[in-house]
Amino acid sequence: MPELPEVENVRRSLQELVVNKTIEHVKVYLPRIVRTPDDSLRFQNSLEGCTILGVDRRGKYLVFDLPPYKLISHLRMEGQYRLREGTDEMAPHTHVIFHFTDGTELRYRDVRQFGTMDLVGPSDPLPSGFAALGPEPFDEALTPETFYRLIHKRSAPIKAVLLDQKCIAGLGNIYVDESLFGAQIHPGRTASQLKKHQVATLLVEIRAVLERAILAGGSSIRTYTNGYGRHGGFQIQLKVYGREGQPCFRCGTLIEKTRVAGRGTHFCPSCQPAPSRRRVRPRNFASERSTLK
DNA sequence: CATGGGTCCTGAGTGC
DNA sequence: TGCACTCAGGACCCAT
């Protein structure tokens with residue numbers, strides 16, 4: 001589950017490992033990974049002779065600068081890049097290999113096969129999800145006021161809104177739960193009901209959590225490693241994610257796990273009080289009357 | 001338009 | 001021990 005901190009660490013490792021390498025040829029073993037062009041043979045042929053000038057990140061996407069192309073790669077759940085020697089043993093679930101002229105290879109592995117690659121030329125449209133991305137969390141233009149404007153018209157639970165990449169880019173299930181804990185906001189709270197000061201606190205917490213996670217090398221929950229094969233260390237700093245049944249570090253109440261927005265959701269029922277249930281959708285006239293008293 | 005549920009996929013975990 | 005079953009989730013598709 002690479003989210004922004006993990007993808008950023010992959011980016012940094014690849015920036016060190018593959019910049020200025022020239023592609024001799026590419027081999028795609030699982031065509032479904034390549035979304036564009038439709039034909040993975042064209043993907044292979046186009047990249048022949050291209051040199052990687054840089055590796056950028058936007059949200060959870062890696063962007064390889066391969067003039068005249070951009071290779072836009074999403075790791076989804078378990079995508080992994082590793083630089084290896086051509087003679088190294090092949091790991092299972094290796095789906096795409098970029099062979100470089102110096103005999104090394106950038107190998108893409110993905111057990112669940114959810115990851116995607118889009119190769120776009122200068123006049124090609126960007127992948128729709130990429131084009132629609134909201135602001136980067138660390139963008140200075142994202143002020144508490146602009147963040148409030150993005151959120152206050154949404155009737156969905158705040159957790160669903162934060163997971164929406166069109167609202168803010170790069171957050172996933174882990175860091176949404178951690179940020180909401182930091183801001184002491186219940187994940188099921190209706191986004192539009194949040195006060196301005198809560199939204200401001202939430203932005204501060206999002207940035208703080210992401211910054212610490214990047215510094216720790218990301219969270220290795222299942223299989224995450226960077227381009228060197230190194231695991232991250234932030235999983236031991238998580239305060240709610242994966243800690244159901246364990247005491248809250250702030251107040252000692254046991255952390256609970258529920259479902260919000262279709263996702264496993266961790267929170268402290270004491271630090272993050274649940275929204276009032278009294279006014280939620282009366283079933284019939286009688287119950288409405290009793291609510292109104 | 002916004003929202004929410006189903007879908008893709010495989011390995012780990014659970015229960016009998 | 002073995003097997004069937006459930007769960008995990010990011011983005012996309014689709015119905016409401």
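The figures here come from the full heavy-atom set of this structure, side chains too, leaving out hydrogens, waters and symmetry mates. The structure presented is a predicted model; accordingly, all values stated were derived computationally and were not measured. Here is how names work: the chains are called A, B, and so on, in the same order as the sequence lines, proteins then strands, and each is numbered from 1.
Atom CD1 in A/Ile168 sits about 15 Å away from atom P in C/dG10, given to the nearest Å. Atom C1' of nucleotide B/dC1 and atom NZ of A/Lys153 are separated by 13 Å, given to the nearest angstrom. Atoms NZ (A/Lys60) and P (C/dC12) sit 11 Å apart, rounded to a whole Å. Rounded to an integer number of Å, the gap from CZ of A/Arg109 to C1' of B/dC9 is 15 Å. Remark: C1' of B/dT3 and CD1 of A/Ile158 are 15 Å apart, rounded to the nearest angstrom. To the nearest angstrom, P of C/dG10 lies 14 Å from CG of A/Asp110. Between the CD atom of A/Gln80 and the C1' atom of B/dG11 there is a distance of 14 Å, rounded to whole Å. Remark: P of B/dC9 and NE2 of A/His95 are 11 Å apart, rounded to the nearest angstrom.
Taking the six-membered ring where the residue is Trp, the centroids of A/Phe64 and A/Tyr81 are separated by under 6.0 Å.
In this structure, A/Gln113 reaches the B/dT10 phosphate: one of its side-chain N or O atoms is under 4.0 Å from OP1 or OP2. In this structure, A/Tyr175 does not reach the C/dG9 phosphate: none of its side-chain N or O atoms is under 4.0 Å from OP1 or OP2. At the phosphate of C/dA8, OP1 or OP2 sits under 4.0 Å from a side-chain N or O atom of A/Arg259. Proximity of A/Lys166 to the phosphate of B/dT3: no side-chain N or O atom is located under 4.0 Å from OP1 or OP2. For B/dC9, the OP1/OP2 oxygens have no side-chain nitrogen or oxygen of A/His93 closer than 4.0 Å. The shortest distance between the side-chain N/O atoms of A/Arg35 and the OP1/OP2 oxygens of C/dA11 is not below 4.0 Å. Within the structure, a side-chain polar atom (N or O) of A/Arg32 is placed less than 4.0 Å from OP1 or OP2 of B/dC9. At C/dA11, one or more side-chain N or O atoms of A/Gln165 fall inside 4.0 Å of OP1 or OP2 (strictly under the cut-off).
Comparing atom distances between the A/Ala156 side chain and each of B/dG4, C/dC12, B/dA2 picks out B/dG4 as nearest. Closest to the side chain of A/Arg154, from the set B/dC9, C/dA11, B/dA2, is B/dA2. Distance from the side chain of A/Lys257 is smallest to C/dA8 among C/dG10, B/dT10, C/dA8. When each of C/dC12, C/dG10, B/dT3 is scored by its nearest atom to the side-chain atoms of A/His74, the top-ranked nucleotide is C/dG10. Closest to the side chain of A/Ser155, out of B/dT3, C/dA8, B/dC8, is B/dT3. When each of B/dT10, C/dA11, C/dA8 is scored by its nearest atom to the side-chain atoms of A/Val111, the top-ranked nucleotide is B/dT10. Out of B/dG11, B/dC8, C/dG10, the shortest distance to the side chain of A/Met77 is found at C/dG10. With distances taken from any side-chain atom of A/Phe114 to the nucleotides B/dT10, C/dC12, C/dG10, the minimum falls on C/dG10.
With a 6.0 Å radius and a threshold of 12 heavy atoms from other residues, nucleotides or ligands, A/Glu211 has its CD atom at or below the threshold.
In summary, A/Arg12 and A/Glu8 engage in a salt bridge, as defined by a charged side-chain N under 4.0 Å from a carboxylate O. A/Lys239 has no carboxylate O lying under 4.0 Å from a charged side-chain N of A/Asp177, or vice versa, which leaves the two without a salt bridge.
Across all strands, A/Pro92 comes closer than 4.0 Å to no nucleic acid atom at all (heavy-atom distances). Heavy atoms of A/Gly129 sit under 4.0 angstrom from primed sugar atoms or phosphate atoms, though from no base atom.
Side-chain atoms of A/Glu3 come within 3.5 Å of backbone N or O of A/Tyr175 as a donor-acceptor pair.
Expressed to the nearest 0.5 Å, how far CD1 of A/Ile72 lies from CG of A/Leu126 amounts to 5.0 Å.
Judged by closest nucleotide on DNA chain C, A/Asn173 is the one of A/Pro127 and A/Asn173 placed further toward the 5' end. Each of A/Arg263 and A/Val161 was matched to the nucleotide of DNA chain B holding its nearest heavy atom; the match closer to the 5' end belongs to A/Val161.
On a pure distance criterion of 3.5 Å, a polar donor-acceptor pair joins the side chain of A/Arg112 and the base of C/dA8.
Note on ring orientation: taking the six-membered ring where Trp is involved, the planes of A/His95 and A/His93 are perpendicular (angle over 60°, cut-offs 30° and 60°).
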